[in-house]
Amino acid sequence: MKLSLGPLTYCWDKTTVEDYYQNIAHTNIDTVYLGEVVCNRRRELKLADYLDIANQLVDSGKNVVLSTMTLIESSSELTELKRIIDNGRFAIEANDMSAVHMAHQANVPFVCGPSLNLYNRASIDIMQKLGMTRFVMPYELSKKWLSQVLSHAPASFEVEVLGHGYMPLAHSARCFTAKHHNKPKLECDIICKQHPKGLLTQTQESQALLRINGIQTQSAAKVNLINEMPDMQKMGVDFWRLSPTGLSDIALIEQLSNPSQPLSHDAEDDCNGYWFSQAGMALVEPQNV
């Protein structure tokens, strides 16, 4: 089973992003997803910048996939989507059905991102016929579901599962971060740059509930399926995905790349409930499984 690094979901400045991927280039990560997936107003990096980073990562031995927007809202975003698909070198991660359609027309291989809501083997097989080479399981599905899907017939596609990071739970045409700061969406001043890990929200009882990230709502707790890596490998999962959160990812990748180091949960804000068919925010300890 290989390690992959999902697309950056937060709005970091250009220097921070470039430094982050320069560090990633020296890790044992196999595949890196690059591109803006949340909001087209985040223009810290252009497509040309991502392509420069992609070429540097390839020179370091990494495989690169260009990720597309999750919520397409305008004709200008469709134009940018076409530019990504027509990059001429890299496969794409389709996070919206318009990306699937355009990639199929252009005969460009694609990864089905977790936001495509593929909930049965028949749907996945249709995507495979359209050019899908890899399927990223939606975050809210379980080990039991995946096992059943893979048991129907030998898979002619690769399977990827989010193993560590904050889960995107929903996307909206409204920007909640701008709303929090009393700014209209179109005059937001890219205020989300002030929240490099999103904006944590709490219940009235001061319990962490959700993480606001522009138009995206994330889980407050990080998915942590480190302990499930051996079972995933036995099931036939090909890629174990990390979602970027900061330079601390480097140490985690080194830990995962060194079998002699013990693998365990590393924080109180971990969760793994969806994997075990429970509430997503739950944390199921291994001895209870």
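A quick note: this is a predicted structure, and the numbers were derived from the prediction, not measured.
- Within 6.0 Å of CG on Asp86 lie more than 12 heavy atoms contributed by other residues, nucleotides or ligands.
- For the pair Asp269 and Tyr166, the minimum side-chain heavy-atom distance is below 4.5 Å.
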Would Phe110 and Ile85 count as a side-chain contact (heavy atoms from CB on, under 4.5 Å) here? Give the steps.
CA-CA 9 Å; Phe110 61 90; Ile85 291 172; over 6 Å; no
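- In this structure, CG in Asp96 is found 10.5 Å from NE2 in His171, a value given to the nearest 0.5 Å.
- By the rule that hydrophobic residues join a cluster once side-chain heavy atoms approach within less than 4.5 Å of another member, Ile53 and Ile92 end up as members of one cluster.
- Of the charged side-chain nitrogens involved, at least one lies within less than 4.0 Å of a carboxylate oxygen, so that Glu93 and Arg241 count as a salt-bridged pair.
- Note on ring orientation: taking the six-membered ring where Trp is involved, the planes of His195 and His180 are perpendicular (angle over 60°, cut-offs 30° and 60°).
- Between Asp231 and Val237 there is no side-chain heavy-atom pair separated by less than 4.5 Å.
- Remark: the backbone N or O of Thr9 is paired with a side-chain donor or acceptor of Asn213 at under 3.5 angstrom.
- The only option from Met281, Lys143, Met137, Met167 that meets the side chain to side chain contact (heavy atoms under 4.5 Å, CB included) definition with Tyr274 turns out to be Met167.
- The distance from atom CG of Leu5 to atom OG1 of Thr31, rounded to the nearest 0.5 Å, is 10.0 Å.
- Side-chain atoms of Ser243 and Leu162, non-hydrogen and from C-beta on, do get closer than 4.5 Å to each other.
- Under the 4.5 Å side-chain heavy-atom criterion for ILVMFWY residues, a single connected hydrophobic cluster contains both Ile24 and Leu8.
- Here the shortest heavy-atom pairing between Cys188 and Lys183 reads O-CD, 3.5 Å.
- Judged by distance alone, the side chains of Asp19 and Thr15 never bring a donor and an acceptor atom under 3.5 Å apart.
- Across all non-hydrogen atoms, the minimal contact from Val37 to Ser67 is CG1-CB, 3.6 Å.
- Note: Cys112 SG to Ile126 CD1 = 11.0 Å, rounded to the nearest 0.5 Å.
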Carefully, step by step, assess Lys179 and Arg174 under the rule side-chain contact (heavy atoms from CB on, under 4.5 Å).
CA-CA 8 Å; Lys179 182 70 173 177; Arg174 295 185 177 185; over 6 Å; no
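- With no hydrogens or angles considered, a side-chain donor-acceptor pair links Glu160 and Tyr33 at under 3.5 Å.
- Side-chain atoms of Asp125 do not come within 3.5 Å of backbone N or O of Ala122 as any donor-acceptor pair.
- Within the 4.5 Å cutoff, the side chain of His181 has no heavy atoms near those of the Asp189 side chain.
- Looking at heavy atoms from C-beta onward, Leu146 lies out of side-chain contact with Leu141 at the 4.5 angstrom threshold.
- At distances below 3.5 Å, at least one donor-acceptor pair connects side-chain atoms of Ser151 with backbone N or O atoms of Gln148.
- The environment of Gln204 atom CD is sparse: at most 12 non-hydrogen atoms of other residues, nucleotides or ligands sit within 6.0 angstrom.
- Using a distance-only test at 3.5 Å, with no hydrogens or angles considered, no donor-acceptor pair links the side chain of Gln207 to the main chain of Thr203.
- Taking NE2 of His26 as the reference point, atom CD1 of Ile253 lies at 12.5 Å (rounded to 0.5 Å).
- Under a 3.5 Å cut-off, the side chain of Thr70 and the backbone N or O of Asn95 do not form any donor-acceptor pair.
- At least one donor-acceptor pair under 3.5 Å links the side chain of Asp238 to the backbone N or O of Val159.
- Note: His164 and Trp240 have tilted aromatic rings, judged against thresholds of 30 and 60 degrees for the angle between ring planes.
- In this structure, Val136 is not a member of the same hydrophobic cluster as Leu130, with clusters built from ILVMFWY side-chain heavy atoms closer than 4.5 Å.
- Between His101 and Met97 there is no side-chain heavy-atom pair separated by less than 4.5 Å.
- Residue Glu140 forms a side-chain hydrogen bond (donor to acceptor under 3.5 Å, both in side chains) with just one option from Trp275, Tyr119, Trp145, and that option is Tyr119.
- Remark: Asp49 engages Lys14 in a salt bridge, criterion side-chain N to carboxylate O under 4.0 Å.
- Judged by distance alone, the side chain of Thr27 and the main-chain N or O of Asn23 form no donor-acceptor pair under 3.5 Å.
- Of all heavy-atom pairs spanning Leu71 and Glu77, the tightest one is O-OE1, 3.5 Å.
- No continuous path of ILVMFWY side-chain contacts below 4.5 Å connects Leu252 to Phe239, so the two sit in separate hydrophobic clusters.
- For the atom pair CE of Met69 and CG of Asn40, the computed distance is 5.0 Å after rounding to the nearest 0.5 Å.
- In summary, the side chains of Tyr10 and Gln218 do present a donor paired with an acceptor at a separation below 3.5 Å, with no hydrogens or angles considered.
- With a 6.0 Å radius and a threshold of 12 heavy atoms from other residues, nucleotides or ligands, Met235 has its CE atom above the threshold.
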Before giving the answer on side-chain contact (heavy atoms from CB on, under 4.5 Å), spell out for Val32 and Tyr21 the whole-Å C-alpha distance, their side-chain angles and the decisive distance to 0.1 Å.
CA-CA 9 Å; Val32 179; Tyr21 286 112; 3.7 Å; yes
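- One hydrophobic cluster holds both Tyr139 and Leu209 under the rule that ILVMFWY side chains link at heavy-atom gaps under 4.5 Å.
- The minimum heavy-atom distance between Ala220 and Leu200, with the atom names listed, is CB-CD1, 3.7 Å.
- Nearest heavy atoms, Tyr20 versus Pro244: OH-CB, 3.4 Å.
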Would you sort out whether Leu3 and Ile29 count as a side-chain contact (heavy atoms from CB on, under 4.5 Å), showing the intermediate values?
CA-CA 5 Å; Leu3 295 179; Ile29 206 86; 3.7 Å; yes
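- Ionic pairing of Lys193 and Asp13 is not present here: no N-O contact between side-chain nitrogen and carboxylate oxygen is shorter than 4.0 angstrom.
- Using a distance-only test at 3.5 Å, with no hydrogens or angles considered, a donor-acceptor pair links the side chain of Glu36 to the main chain of Val38.
- Put simply, the side chain of Lys82 never gets that close to the backbone of Met102: no donor and acceptor are under 3.5 Å apart.
- In terms of modelled atom types and a separation under 3.5 Å, the side chain of Asn272 and the main chain of Val284 share a donor-acceptor contact.
- If you take CG on Leu45 and OH on Tyr50, they are separated by 5.0 Å, rounding to the nearest 0.5 Å.
- Contact record, Phe176 with Ile215: CE1-O, 4.3 Å, taken as the closest heavy-atom pair.
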